[in-house]
Amino acid sequence: MKPINYLLVLMFAMVTFVSCDTYGDYEQEFAPIYPLSGQYYVKVLDENNEELVISTTKDDDESYNVYGTYMYLYNTADNDKDKLWIKLPNTSLFKQGILGKISCNVEELTFNGTAGNMVADGTTPVGEFTVTSGKVTLESVTTPTNGKADGIEVKYTLEGKTYTIKGFRRTGWDDDETWVEPVTTPDDTSGSQP
C-alpha cells in the first residue's frame, strides 16, 4: 500500500476515535421559584363571574371575541426564593393588566402580595394591585387536546374591583388555546364557536 493510503487510513481512524468521545448528561437548571414560574394561558373573570373580552380578531368576514391571554410568572433578577414577578398584559380592550413583584411560597405553590402596578411602561408604578390568592396545582387540568397541564387560579384587586384568573400552563399546542367566540352579526344569530 502506498504511504498516502496509510496516511488516509490513519486520519480516518483518528477522526473516528475523536468523534466517539462521550459526554455526561447535562444537568438541567431551574429558576429558584420553579414550578411556579412559567407562561400560562388564562381567562379573566370579573366580579360577576363573567369572562372579560381580551381582544377581537377577524378571520375572513367574521369577527371573534378573544377571551384567552397569556400570564407570566418569573423569577427576580436576584433569584429570590420568596418573590416573583407576575405579568398580565394590557390590550386595547383589556385594561385590567398587572405587572409587579410579590411574595411566593414555592413549597406550597402559592403567591400573594401588594405591589405598584408597572404595566404601563414596566418601570414606573401607576397605582397598586393586590393578589389576595394565587395557587398553582400540578397536572390538575385536562387541556382541550386531552393533555395534562398545571392549573393556575389567581384572585387580584385593581382599582377597587376584584378579578379572578383561571387557566393552565401553556402547552404550545394551538388547539389548546381556543377561548374565542364569534361576535353575533344580524344575519348570524347562532353565536356558535368555530
Side-chain angles (χ1 to χ4, degrees), residues 36-74 84-102 104 111-137 140-186 188-194:
L36 291 174
S37 57
Q39 182 179 26
Y40 295 87
Y41 192 70
V42 298
K43 60 183 176 178
V44 182
L45 302 132
D46 65 13
E47 294 175 312
N48 298 321
N49 214 27
E50 298 285 328
E51 290 182 29
L52 298 178
V53 176
I54 304 299
S55 62
T56 57
T57 187
K58 193 169 177 112
D59 182 19
D60 295 329
D61 293 332
E62 201 163 18
S63 292
Y64 298 92
N65 286 333
V66 179
Y67 293 97
T69 189
Y70 299 121
M71 185 182 80
Y72 308 88
L73 300 179
Y74 49 94
L84 60 77
W85 283 93
I86 183 170
K87 179 179 181 181
L88 180 66
N90 277 344
T91 67
S92 58
L93 294 177
F94 179 74
K95 299 299 183 193
Q96 295 83 6
I98 56 175
L99 172 62
K101 189 180 349 179
I102 58 175
C104 68
F111 50 95
N112 59 39
T114 299
N117 195 8
M118 297 186 282
V119 77
D121 64 6
T123 58
T124 309
V126 178
E128 285 186 339
F129 69 91
T130 300
V131 173
T132 54
S133 68
K135 176 84 173 155
V136 172
T137 51
S140 62
V141 174
T142 301
T143 65
T145 58
N146 289 322
K148 282 294 198 185
D150 299 342
I152 191 165
E153 185 167 342
V154 180
K155 290 191 183 297
Y156 74 97
T157 303
L158 177 68
E159 298 174 352
K161 294 184 180 176
T162 301
Y163 302 94
T164 302
I165 302 168
K166 292 182 180 183
F168 55 87
R169 188 179 303 273
R170 187 164 184 236
T171 63
W173 295 99
D174 288 341
D175 291 343
D176 281 340
E177 300 173 5
T178 59
W179 290 328
V180 297
E181 180 179 288
V183 176
T184 305
T185 59
D188 174 25
T189 57
S190 67
S192 61
Q193 292 220 354

K.L.:
State whether the side chain of Thr142 and the backbone N or O of Asn146 hold a donor-acceptor pair below 3.5 Å, judged by distance alone.
P.N.:
no

K.L.:
Identify the heavy atoms of Pro89 and Phe94 that sit nearest to each other, and give their distance.
P.N.:
O-CD2, 3.6 Å

K.L.:
Can you tell me how far the SG atom of Cys104 sits from the CG atom of Leu84, to the nearest 0.5 Å?
P.N.:
4.5 Å

K.L.:
What pair of heavy atoms forms the shortest contact from Tyr41 to Gly68, and how long is it?
P.N.:
OH-CA, 3.5 Å

K.L.:
Taking only residues two or more places apart in sequence, or in another chain, which ones meet Thr91 in a side chain to side chain donor-acceptor pair (under 3.5 Å)?
P.N.:
none

K.L.:
Could you tell me the separation between the CD atom of Gln39 and the NZ atom of Lys87, rounded to the nearest 0.5 Å?
P.N.:
10.0 Å

K.L.:
Using atom types as modelled and distance alone, determine if a side-chain donor or acceptor of Asp176 lies under 3.5 Å from a backbone N or O of Thr145.
P.N.:
yes

K.L.:
Quickly, which of Val119, Asn117, Val131 forms a side chain to side chain contact (heavy atoms under 4.5 Å, CB included) with Leu158? Name it, please.
P.N.:
Asn117

K.L.:
Would you compute the distance between atom CE of Met71 and atom OG1 of Thr69 and round it to the nearest 0.5 angstrom?
P.N.:
10.0 Å

K.L.:
Do NZ/NE/NH1/NH2 and the carboxylate oxygens of Lys135 and Glu153 come within less than 4.0 Å?
P.N.:
no

K.L.:
Sequence neighbours left out, what passes side chain to side chain donor-acceptor pair (under 3.5 Å) with Tyr40? Give chain and number order.
P.N.:
Arg169

K.L.:
Do any pairs count as a salt bridge (Lys or Arg N to Asp or Glu O under 4.0 Å) and have a residue in residues 155-164, sequence neighbours left out, and if so which ones?
P.N.:
none

K.L.:
Checking Thr130 side chain against Thr132 main chain: does a donor-acceptor pair fall under 3.5 Å?
P.N.:
no

K.L.:
Taking the six-membered ring for Trp and the single ring otherwise, decide whether the centroids of Tyr163 and Tyr156 are under 6.0 Å apart.
P.N.:
yes

K.L.:
Taking all non-hydrogen atoms of both residues, which atom of Val141 and which atom of Gly167 are closest, and how far apart?
P.N.:
CG2-O, 4.2 Å

